[in-house]
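This structure is a prediction, so every number in the text was calculated from the model and none was measured. Order of the sequence lines sets the chain letters (A, B, ...), proteins ahead of strands, with each chain counted from 1.
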Number of protein chains: 2
Amino acid sequence: MKTELGKKLVQNAVELIDLLGLEQFTFRKLAVKMGSAEASIYRYFENKHQLFVYLLNWYWEWMAVRIDFNTLNVESASKRLKIVIDVIVDTINRNTSIDVINEEALHRIVVREGIKAYHHKLVDEDNKEGFFLSYKSLCGKIASIIKEISPDFLYSRTLASTLIETANNNLYFAHHLPRLTDLKAEAKDFSSQLKQMLEFFVFGVIHANIMMNVYLDSELKEDMLK
Amino acid sequence: MKTELGKKLVQNAVELIDLLGLEQFTFRKLAVKMGSAEASIYRYFENKHQLFVYLLNWYWEWMAVRIDFNTLNVESASKRLKIVIDVIVDTINRNTSIDVINEEALHRIVVREGIKAYHHKLVDEDNKEGFFLSYKSLCGKIASIIKEISPDFLYSRTLASTLIETANNNLYFAHHLPRLTDLKAEAKDFSSQLKQMLEFFVFGVIHANIMMNVYLDSELKEDMLK
DNA sequence: TATAAAATAATAGTTTTACTATCTTTTGCA
DNA sequence: TGCAAAAGATAGTAAAACTATTATTTTATA
């Protein structure tokens, strides 16, 4: 991101992956789009996978920054968690003339193909290299908010990663595999419906154990206990 | 699956994808392993992606059969849903001499790379071809059990797909990205811990609206409502 | 049973992708 | 001005993805 070519590279990579999909995207095509040479790109990234992971890290860190910015001075942990959901679901309006990265295009890439970064045979090697630190840190940030809301909640990390993945999945499903979700992509208030559903899921689970102790109907309680 | 070569192909494909990962797996390597020719494989499958989708469909249909078999004559919908969770999490002991498909290897493939089947640029084309009917039908089956438990629950499809994906994710995370889950892969009773967690999540969400009406503490209720 | 048609197998290609090597040119900047 | 680092141009290799062609076997039925 320090050199002109580096910026151009990342900018064009996001646009081209958004357009072609990760599988059809090649360094050669990127070079042609940029009016540059394939070999020049290899000076920045060893291969397509490393470029992809770089872009995802950029996204995850951008998310963390947006969460920090938007939750600053918000006392209530519950309110902060709701803001997290807003940040995950919404993309912001970007300033085309200033921004290097097209955040909306990158968001589409993340929703469609982000999981591929870590769902492969060589995850462990990648993980040792620190490829997923940003994602793990983002989940950690969300998990700690959950812990604030309910300190004795056992599954804060799982809930944090599930929140992110469920948000992206249902956005994707609504557009491409509608039978896998209850949301309708056509709905005018789709994004607020998605947020509402995520809040329902997240707060439902967080308060499940609290509520279990209150709601003493034996049959239901039995359902929830092993 | 009707011809000898077809069986050998599918059997060897599962073993090789398990071993190499989808990216490193090629038709040439498969042909060498089978002692057959690359072109012969192309007569069965147009390309690697179609073979992969075939294997996933086999898996999803196998899951549906196992669910039907194990929930037969089980009255309580809650109990049936728990059985669904058991079926998703556990792999069964296989009979090496009879089975064409190594279900444990296929399960590892699904957990690690199953999502790649539908997370790509050409989903819509694939979906039109009916590539994901088995998966959608499996989710539908689970969603209808959820509906039985709570007929006014709004998110049965989402919860069904989230259940499957969360089960696979947390199994995968525990082994490769432990900071993204609360479960410990080393734990002796790992699989029962995973089931317990999934039950907690699923029943927690299902009963969230019921319990909301009972648990009237205003602050918490406010948290859960938009 | 003979034989043509159809299905399957093996062989040998082509094209594209992923990556490397090498040399030349440009450019930032001391 | 000089010079090191970055970038560009060119050309290559190895493997992957896919195809066309020919050979062999199976099957269908006269």
key: Presence of A:Thr3 side-chain N/O under 4.0 Å of D:dA7 phosphate oxygens OP1/OP2   = yes
Closest of C:dT20, D:dA7, D:dA17 to the A:Leu5 side chain is D:dA7
Side chains of B:Ser134 and B:Glu61, donor plus acceptor under 3.5 Å
yes
Would you say the base of C:dC19 and the side-chain of A:Glu46 have a donor-acceptor pair closer than 3.5 Å? no
Below 4.0 angstrom from OP1 or OP2 of C:dA18, is there any side-chain N or O of A:Lys48?
yes
With no hydrogens and no angle check, do the side chains of B:His176 and A:Asn127 hold a donor and an acceptor under 3.5 Å apart? no
>> Using ring centroids (six-membered ring only for Trp), state whether B:Tyr135 and B:Tyr118 fall under 6.0 Å.
In response: yes
B:Leu22 atom CG is separated from D:dA16 atom P, nearest whole Å, by 13 Å
Would you check if the distance from the ring center of A:His119 to the ring center of B:His119 is below 6.0 Å?
-> no
Please work out if B:Lys29 contacts a base, only the sugar-phosphate, or nothing of the nucleic acid, heavy-atom cut-off 4.0 Å. sugar-phosphate
Can B:Asn169 and B:Glu165 be counted as having a side-chain donor-acceptor contact under 3.5 angstrom? no
By nearest-nucleotide position on DNA chain C, the 5'-leaning member of A:Arg28 and B:Ser36 is B:Ser36
For nucleotides 22-30 of chain C, 5' to 3', base contacts (B), sugar-phosphate-only contacts (S) and non-contacts (-) with protein non-hydrogen atoms under 4.0 Å give ---------
Atom CZ of A:Phe25 and atom P of C:dA18 are separated, to the nearest Å, by 9 Å
>> Looking at B:Glu125, I want to see if its CD is surrounded by more than 12 non-hydrogen atoms of other residues, nucleotides or ligands under 6.0 Å.
In response: yes
Rounded to whole Å, CG of A:Leu30 lies from C1' of C:dC19 at a distance of 15 Å
When rounded to whole Å, the CD to P distance for the pair B:Gln24 and D:dA16 reads 8 Å
> Are more than 12 heavy atoms from other residues, nucleotides or ligands located less than 6.0 Å from atom CD of B:Gln50?
Replying inline: yes
For this session: Quick one: label A:Ser40 by what it contacts on the DNA or RNA (base, sugar-phosphate, nothing), any heavy atom closer than 4.0 Å.
Result: base
What's A:Phe45 touching, base or sugar-phosphate or nothing? Going by heavy atoms closer than 4.0 Å. nothing
Rounded to whole Å, the CD1-P distance (B:Ile41 to C:dT11) equals 14 Å
Taking D:dG8, D:dA17, C:dC19 as options, the one with an atom nearest any side-chain atom of A:Asn47 is C:dC19
B:His49 atom NE2 is separated from D:dA17 atom P, nearest whole Å, by 13 Å
- Is A:Arg108 salt-bridged to A:Glu103, going by a charged N under 4.0 Å from an acidic O? no
Whole-Å distance, B:Glu38 CD to C:dT11 C1', equals 12 Å
A:Glu23 CD to D:dA16 P, in whole Å, measures 17 Å
- Query: Can you find a side chain N or O atom of B:Tyr42 that sits less than 4.0 Å from OP1 or OP2 on D:dA20?
  - Reply: no
